[in-house]
Amino acid sequence: MAPSSPPSAPPSAPAAAPPRPAEGLPPQPRPAPWLRPTIRIRLTLLYGGMFLMAGVVLLALIYLLAARTLKDGTPEFRVFGSNVRLSNLRCPGLPPAGTADEINAAIAHCIRNQRALALNTLLNRSLLALLGLTVVAFAFGYAMAGRVLSPLGRITRTAQRVAGSDLHRRIELGGPDDELKELADTFDEMLDRLDRAFESQRRFVSNASHELRTPLAINRTLLEVQLADPGASAELVQLGRTLLATNERSEQLVEGLLLLARSENKVVDRRPVDLAEVASQAVEQTRGEALAAGVELRGVREPVVVQGSGVLLERIALNLVQNAVRYNVADGGWVEVSTQACPGCAVLVVSNTGPVVPAYEVENLFEPFRRLRTERTGSDKGVGLGLSIVRSVVRAHDGTITAVPREGGGLDMRVVLPA
């Protein structure tokens, strides 16, 4: 698709950066909530980890103290005599009879074994208790973190509604005058200022629409009346036609600027729209201009439904097709308009023959009043807002648009909209 709407910068102007590679790709799926490193998960891990570390330290201290207590508190048994007999002692390996030295050695060994057995039992049961308490601590920490962070969730939900152009929402967080309430109050104050600013912008656009259209409509009417006068001289008729063309260009410029200003906001009232039908209507509206320019219109349009504004989506297709027809070759030119369904998205592709477009100039085509290697004034191909309006409307529908130069000239314009 050939150069976009806006005029090209002077030769000395620095080249804009090329389009980002990520543009035009379907939105990447977000990870599952349990896999996201949320603050709640991190706080839970922090609380649980601190409890586990404290439990390990406490268990080590208890183990050392218990071992010392058993060692210091166990009495020393010694047997005296030449021939000693033992019975009813639950100590494996203790001989029932023997000399005093043999019995003393066996008793000391038995006491050490019993002490080690008691410590091992204490350690095992303590570890099981620590494991159970750690699980409880993690669950308790997760619940408490959710309770503490619930105001942040409320702020986030309000911000998401505001992102959908619902600027009348407010958080109005109650509770103690802590840092979270201060954040919520600050956010509410910011929303108040934004609401006033957007309301002022809407009033300005409405007033400007009336104030700018009215004198242009009056001028057009006066010029048409003068041109209809059979007694007008040839010079006057030529002047009137020139002024009428200039007035028509001014009307197009005003309409484009107003549409560009309105399309900056997200589309809230969305309805199912068949993208193929929208593209076909744009092709039919441009067919007369294409026949006059000798450009062939073709393409296969597969039915695919998207959620959005039918009027704005039709503006996307119409601007792209008109641009492709106007910036084309003199003989044997063609424009291909196609739609297709992809997983989770719908794609509109407008390709054409035309002049060669350097890759580094592609991004400039989407800037207002920029065209490729043309002056800012005096063009009969538009007012330089076509692709700027297209990109603005696409972004308002949460979509992306990319332009790729074709070998031999022309562009492939690809619009990706969420289905």
* To do: Start with the C-alpha distance between Asp185 and Lys181, add both sets of side-chain angles, then the distance that settles side chain to side chain contact (heavy atoms under 4.5 Å, CB included), and finish with yes or no.
  => CA-CA 6 Å; Asp185 293 342; Lys181 188 175 187 308; 3.2 Å; yes
I'd like to know if the side chain of [X] and the backbone of [Y] have a donor-acceptor N/O pair within less than 3.5 Å.
{"X": "Thr221", "Y": "Ala217", "answer": "yes"}
{"X": "Asn247", "Y": "Leu216", "answer": "yes"}
{"X": "Asn323", "Y": "Asn319", "answer": "no"}
{"X": "Ser338", "Y": "Arg301", "answer": "no"}

* To do: Test side chain to side chain contact (heavy atoms under 4.5 Å, CB included) on Leu297 and Val337 and set out the steps.
  => CA-CA 8 Å; Leu297 295 176; Val337 183; 5.5 Å; no
Rounded to the nearest 0.5 Å, what's the gap from [atom1] on [X] to [atom2] on [Y]? Could you check?
{"X": "Asn328", "Y": "Thr353", "atom1": "CG", "atom2": "OG1", "answer": "3.5 Å"}
{"X": "Ser309", "Y": "Ile316", "atom1": "OG", "atom2": "CD1", "answer": "9.0 Å"}
{"X": "Leu313", "Y": "Leu348", "atom1": "CG", "atom2": "CG", "answer": "9.5 Å"}
{"X": "Ser280", "Y": "Gln285", "atom1": "OG", "atom2": "CD", "answer": "11.5 Å"}
{"X": "Thr400", "Y": "Leu417", "atom1": "OG1", "atom2": "CG", "answer": "8.0 Å"}
{"X": "Arg287", "Y": "Leu291", "atom1": "CZ", "atom2": "CG", "answer": "7.0 Å"}

* Are Arg196 and Asp192 within salt-bridge range, i.e. N to O under 4.0 Å? ->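 Judged by the 4.0 Å cut-off on N to carboxylate O distance, Arg196 and Asp192 do not form a salt bridge.
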Below 4.5 Å, heavy atoms only, C-beta onward: do [X] and [Y] meet side chain to side chain?
{"X": "Leu128", "Y": "Asn124", "value": "no"}
{"X": "Phe187", "Y": "Leu183", "value": "no"}
{"X": "Arg414", "Y": "Val404", "value": "no"}
{"X": "Tyr327", "Y": "Leu411", "value": "no"}
{"X": "Leu43", "Y": "Tyr142", "value": "no"}

If you compare all heavy atoms of [X] against all heavy atoms of [Y], which two are closest, and at what distance to 0.1 Å?
{"X": "Ala346", "Y": "Val304", "value": "CB-CG2, 3.4 Å"}
{"X": "Val350", "Y": "Ala324", "value": "CG1-CB, 4.0 Å"}
{"X": "Val295", "Y": "Val325", "value": "CG2-O, 4.2 Å"}
{"X": "Val273", "Y": "Gly308", "value": "CG2-O, 3.7 Å"}
{"X": "Thr339", "Y": "Ala279", "value": "CG2-CB, 4.1 Å"}
{"X": "Tyr63", "Y": "Leu119", "value": "CE1-O, 3.7 Å"}

Looking at [X], I want to see if its [atom1] is surrounded by more than 12 non-hydrogen atoms of other residues, nucleotides or ligands under 6.0 Å.
{"X": "Asp331", "atom1": "CG", "answer": "no"}
{"X": "Met190", "atom1": "CE", "answer": "yes"}
{"X": "Glu224", "atom1": "CD", "answer": "yes"}
{"X": "Phe51", "atom1": "CZ", "answer": "yes"}

* Which residue pairs pass the side chain to side chain donor-acceptor pair (under 3.5 Å) test when at least one of the two sits in residues 229-246, sequence neighbours left out? ->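 Applying side chain to side chain donor-acceptor pair (under 3.5 Å) to every pair that reaches into residues 229-246, excluding sequence neighbours, yields nothing.
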* Could you walk me through whether Val415 and Leu320 pass the side chain to side chain contact (heavy atoms under 4.5 Å, CB included) check? -> CA-CA 10 Å; Val415 177; Leu320 291 178; 3.8 Å; yes
* To do: Start with the C-alpha gap between Met413 and Leu387, add the side-chain angles, then the distance that decides, and say whether side chain to side chain contact (heavy atoms under 4.5 Å, CB included) holds.
  => CA-CA 10 Å; Met413 304 295 296; Leu387 290 187; 4.1 Å; yes
